[in-house]
Enquirer: 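Supplied in structure tokens, the structure appears directly below.
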Amino acid sequence: MQLEAVQHTKGALLVIAGAGSGKTRVLTYRVAWLLQQGIHPMSILAITFTNKAAAEMKSRIYDMVGTAAQDIWISTFHSMCVRILRREIEIMGFNRNFTILDADDSKRVIKRLIEDRGLDDKRYPVSMVSEHIDRAKNSMLSPDDLHATAGQNVLGHNIANIFADYEKYNLKHHSLDFNDLINLTIKLFKEHPQVLDIYRERFEYILVDEYQDTNRSQYELIRLLSSHHGNLCVVGDEDQGIYSWRGADISNILNFEQDYKDVKIIKLEQNYRSTQVILDAANSLISNNTQRKGKNLWTEKESVHKVVLLENMTAKEEAQTVISHVRLLTEQQDLDFGQFAILYRTHAQSRNFEDVCNEEGVPYRLVGGVRFWSRREIKDIIAYLRVLVNPYDDVSLARIINVPKRGFGTTSFQRVQDFAAELDLPYYGVLEEADAVPDLGTRAKKIAKDFIAMMENFRKMTQYLSVSELIHTIVNETGYLKELNKLPDLEREERYQNIMELITVAREYEKREEAERTLEGFLIDAALVDADQEEGQREAGPRINLMTIHAAKGLEFPVVFLTGLEEGIFPGVRSMNSEDDLEEERRLCYVGMTRAKEILFLSHAQTRQQYGQTNYNVPSRFLREIDPEFIQLGFIRPKLRPQPQAFINRVNPFKWEDAPKQDSFLDSTPKRDPIRPTSRAKKRVVENFEAGEDIRHKIYGVGQVLEVRGSGQDQEVTVEFPSVGKKLFVVKYAGLEKVKK
DNA sequence: GAGAGGTTTGTTTTT
DNA sequence: CAAACCTCTC
């Protein structure tokens, strides 16, 4: 089947590639095959979602065909679009040195726009508005489209207005967010067909990886690009779609047959990665999903152990049990730390594992986490660089005008902002003309002039300094490094290290062969490429891999620990109200399970600290959905409180002798009341609930309100709990004290 | 305007 | 538990 997929080069091809079925292999061999058929490397375009995947594919192709690989476009959707836009965007009124806004930057802009409109930020929280805008952009809707669907809804119209402001802002300040990269490329192609022709004639053969993760605009882009030659090969697996929150639309892959003519479909169902039990367990889980075509993964690989269940009392103990098992396996088997992966749903869960690793001296590698580029000191320095490249970039300017402290505080800056709004100028322009700003103090004017002089001086330096040298100069000349000295030792050291790391990243960039080696190019990398940084973990040798399940996609490890399998964590609270979201969580669980080659561990804890508060969690429904036949208990006995034993007995034929009799643990409700007020509920003035209202933010772990009786401080609310199997509870708000069952 | 100190609020997942 | 936010004093 793989060979057939490699050699079917003409027309539209859909490869349904189950987990571990050799997807990457097919893609790389296919490229090699095309080259061997005499196709020019320049006419091949391979698109992936992550930089990691692109780099992986590049190096594998390079290994096979050597330097010919250089001319093939292998990139992510986003970097491909940047590459095109950098060349062509000027016909659309943008500067080619545009700034790329990350989620954080874009929220700052939106926050300001909400304020400018005089809207209440309680009714219009930035996160909510930006989510709406993001969703609209993913589905290629314009502000007008939003107005059209808003009807009588004032909120909807206001969001549409902010959206329109946002678009105007970006055009004026030459900034693009991640969605714009794709959407503007489409707009460019549609409005300037002569540009589209260049690209669609060039790319004779197009390959798209992880097709199930494409959203509306990515779909559109592919359609445009493949519309000339029509040789489009997409690879994907509907069971591994885990990005719907980013607009990914699984129906893109499910409807591929209808969307293109004469589609050839090839299913890869043989798995070359995992043992049979792991596949059986994963299959039994995913069969609970309805949105799938269904496929039957099989393998010739024999099973070692059943899937191993680890039950724990606390999250900390979960980490200890996991690390103990890692130790045991490294001692008994021929395995090193690098062959283990600990996966979790959210980054916040990494903490306990890090702690235990540190305590026990076990080396680990943390993937992701607080991302390098979003650290404060890194963003500060990048903001300096951005202003040098794009003086219209107000967000960055606002960030650095008083960082490090130079006596230009909020009052002075507010005056600059007001004046800028009045004259419709960028902040940088206003600062250049500081004397003209009304009410600005003499001292502030002087500071502004000095600042501009300094920036202009930096700008001259860009001519003859490399990026790393420039960064070095900036942190010294601005006094940024000096200001770090005021911080407590630990923090200072960490920030300092990060800055040094940034300089290293810049040096590496300067060395890269295919890079532009300019400041502009560096900033694009900074926005799009995640530094594969290994903060303070420089020791060589194999290390345990810690990462989210999302980050593990496409990877494989001999031993995998899938942790935190608890209701409210995995599936997360926010996913428990809709069937669609639940299915996605289930797919995520499936992805996690199928990363394992030899042994798969599943673990949960009864107690976990969340928001600095202890919570009691029921084991995840996913544990219940996996056929118990494929599960066994851990090698090391976990410390447990009495209740779970019943469940252990259910899955483990070797009973613990003095296990107290009790109903099945998985089916029982937790000991503590699942309805607990958050600490702030006590203080907040009681508000009136409405039927149908979502009050999860007010009371932890609660779903839909079904019925309300009474009002004010004496309400009775009937609520449906998705986590406890649709039982009904009555919640009574007793004055300002707390919520009672 | 800066900084200390207290208070509130929030968490998926990523380009 | 942290980071963001707010308030008060110098």
Side-chain angles (χ1 to χ4, degrees), chain A residues 47-54 75-82 100-104 106-107 111 121-122 125-127 131 134 137-138 176-182 210 213-215 217-218 241-248 343-349 351-352 367-371 373-376 402 404-414 441 443-444 447 483 486-487 491 524-530 547-553 564 568-576 581 584-585 587-589 591-592 609-614 678-681 683-684 696-698 700:
Chain A
I47 306 175
T48 62
F49 271 82
T50 64
N51 294 296
K52 213 194 287 165
S75 66
T76 63
F77 272 102
H78 298 270
S79 52
M80 170 182 83
C81 288
V82 170
I100 301 174
L101 303 181
D102 65 17
D104 184 63
S106 129
K107 278 186 185 150
K111 185 172 181 195
D121 61 355
K122 290 278 184 295
V126 185
S127 56
E131 240 170 71
D134 199 52
K137 286 189 158 196
N138 274 323
L176 275 67
D177 66 20
F178 288 129
N179 292 315
D180 291 329
L181 296 177
I182 315 270
E210 308 281 12
D213 287 333
T214 48
N215 62 26
S217 49
Q218 288 158 340
I242 53 177
Y243 285 104
S244 69
W245 48 273
R246 205 171 73 187
L343 309 183
Y344 34 76
R345 178 68 241 266
T346 64
H347 284 301
Q349 289 163 254
R351 191 55 190 278
N352 284 314
V367 178
V370 179
R371 310 188 77 73
W373 298 108
S374 47
R375 304 250 158 98
R376 190 203 297 186
N402 202 28
K405 305 249 158 39
R406 49 174 72 88
F408 202 88
T410 38
T411 316
S412 297
F413 190 58
Q414 187 57 52
R443 195 159 153 194
I447 294 168
E483 180 140 301
K486 295 184 198 153
L487 295 168
E491 206 180 332
I524 288 171
D525 265 31
L528 254 35
V529 182
D530 202 14
M547 66 188 91
T548 62
I549 305 168
H550 282 87
K553 185 161 184 206
I569 303 278
F570 193 17
V573 243
R574 319 167 90 91
S575 320
M576 299 203 300
D581 289 352
E584 175 144 322
E585 294 281 298
R587 288 194 292 271
L588 188 58
C589 189
V591 168
Q609 297 274 122
Q610 290 165 285
Y611 311 98
Q613 198 192 13
T614 305
T678 60
S679 54
R680 37 209 173 260
K683 290 178 191 166
R684 201 182 286 150
R696 279 173 301 169
H697 301 292
K698 293 157 193 160
Y700 178 78

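Within every chain, numbering begins at 1; the chains are lettered A, B, ... in the order of the sequence lines, protein sequences first and strands thereafter.
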Enquirer: Stem list for DNA chain B, please, built from Watson-Crick and G-U wobble pairs under 3.5 Å and keeping only runs of at least 3.
Expert: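 Detected stem regions: B:1-10 with C:1-10.
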
Enquirer: Return the minimal non-hydrogen interatomic distance between Ser217(A) and Lys137(A), and the atom names on each side.
Expert: OG-O, 4.4 Å

Enquirer: Restricting to side-chain contact (heavy atoms from CB on, under 4.5 Å), what partner residues turn up for Thr48(A), sequence neighbours left out?
Expert: Ala53(A), Ala54(A), Met57(A), Thr76(A), Asp209(A)

Enquirer: Glu585(A) has a side chain; which of dG1(B), dT15(B), dT12(B) sits nearest to it?
Expert: dT12(B)

Enquirer: Here's a test of your reading of the structure: between Ser127(A) and Thr548(A), which maps to the more 5' nucleotide of DNA chain B?
Expert: Ser127(A)

Enquirer: Rounded to whole angstrom units, what separation is found between the OH atom of Tyr243(A) and the P atom of dT12(B)?
Expert: 15 Å

Enquirer: Base, sugar-phosphate alone, or nothing: which one does Lys137(A) contact when heavy atoms must sit under 4.0 Å apart?
Expert: nothing

Enquirer: Can you tell which of dG1(B), dT14(B), dA2(B) lies closest to the side chain of Trp245(A)?
Expert: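 Between dG1(B), dT14(B), dA2(B), the one nearest the side chain of Trp245(A) would be dT14(B).
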
Enquirer: If you count the non-hydrogen atoms of other residues, nucleotides and ligands that lie under 6.0 Å from CZ in Arg351(A), is the total more than 12?
Expert: no

Enquirer: Tell me whether Phe49(A) is stacked on the nucleobase of dT14(B), counting only the six-membered base ring and applying the 5.5 Å and 30° thresholds.
Expert: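 Stacking between Phe49(A) and dT14(B): absent.
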
Enquirer: Pick base, sugar-phosphate or nothing for Gly407(A), based on heavy-atom distances below 4.0 Å to the nucleic acid.
Expert: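 Touches sugar-phosphate only.
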
Enquirer: Restricting to side-chain contact (heavy atoms from CB on, under 4.5 Å), what partner residues turn up for Thr548(A), sequence neighbours left out?
Expert: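 Expected list: Tyr344(A), His347(A), His550(A), Ala551(A).
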
Enquirer: Counting only side-chain heavy atoms from C-beta out, which of dA2(B), dT12(B), dC5(C) sits nearest to Lys111(A)?
Expert: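 That would be dC5(C).
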
Enquirer: His347(A) side chain: which of dT12(B), dG1(B), dT13(B) is closest?
Expert: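 Nearest listed nucleotide: dT13(B).
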
Enquirer: Between dG3(B), dT14(B), dT12(B), which nucleotide gets closest to the side-chain atoms of Arg345(A)?
Expert: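 So the nucleotide nearest the side chain must be dT12(B).
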
Enquirer: Any side-chain heavy atom of Asp213(A) sitting closer than 4.5 Å to one from Gln218(A)?
Expert: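 They are not in contact (no side-chain heavy atoms under 4.5 Å apart), so the answer is no.
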
Enquirer: Would you tell me whether Thr411(A) and Gln414(A) have side-chain atoms, one donor and one acceptor, within less than 3.5 Å of each other?
Expert: no

Enquirer: Side chain of Arg351(A) only, please: which of dC1(C), dT13(B), dC5(C) is the nearest?
Expert: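 Of the options given, the side chain of Arg351(A) lies nearest dC1(C).
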
Enquirer: Determine the contact category for Asn402(A): base if any of its heavy atoms lies under 4.0 Å from a base atom, sugar-phosphate if only primed atoms, P, OP1 or OP2 are that close, otherwise nothing.
Expert: sugar-phosphate

Enquirer: If we only count heavy atoms from C-beta on, is the Leu528(A) to Leu181(A) side-chain gap below 4.5 Å?
Expert: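 SC-SC contact between Leu528(A) and Leu181(A) confirmed.
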
Enquirer: If you find the nucleotide of DNA chain B closest to Thr411(A) and the one closest to Glu584(A), which residue's nucleotide is nearer the 5' end?
Expert: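 Residue closer to the 5' terminus by nearest nucleotide: Thr411(A).
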
Enquirer: With a non-hydrogen cut-off below 4.0 angstrom, is Ser412(A) in contact with a base, only sugar-phosphate, or nothing?
Expert: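 Touches sugar-phosphate only.
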
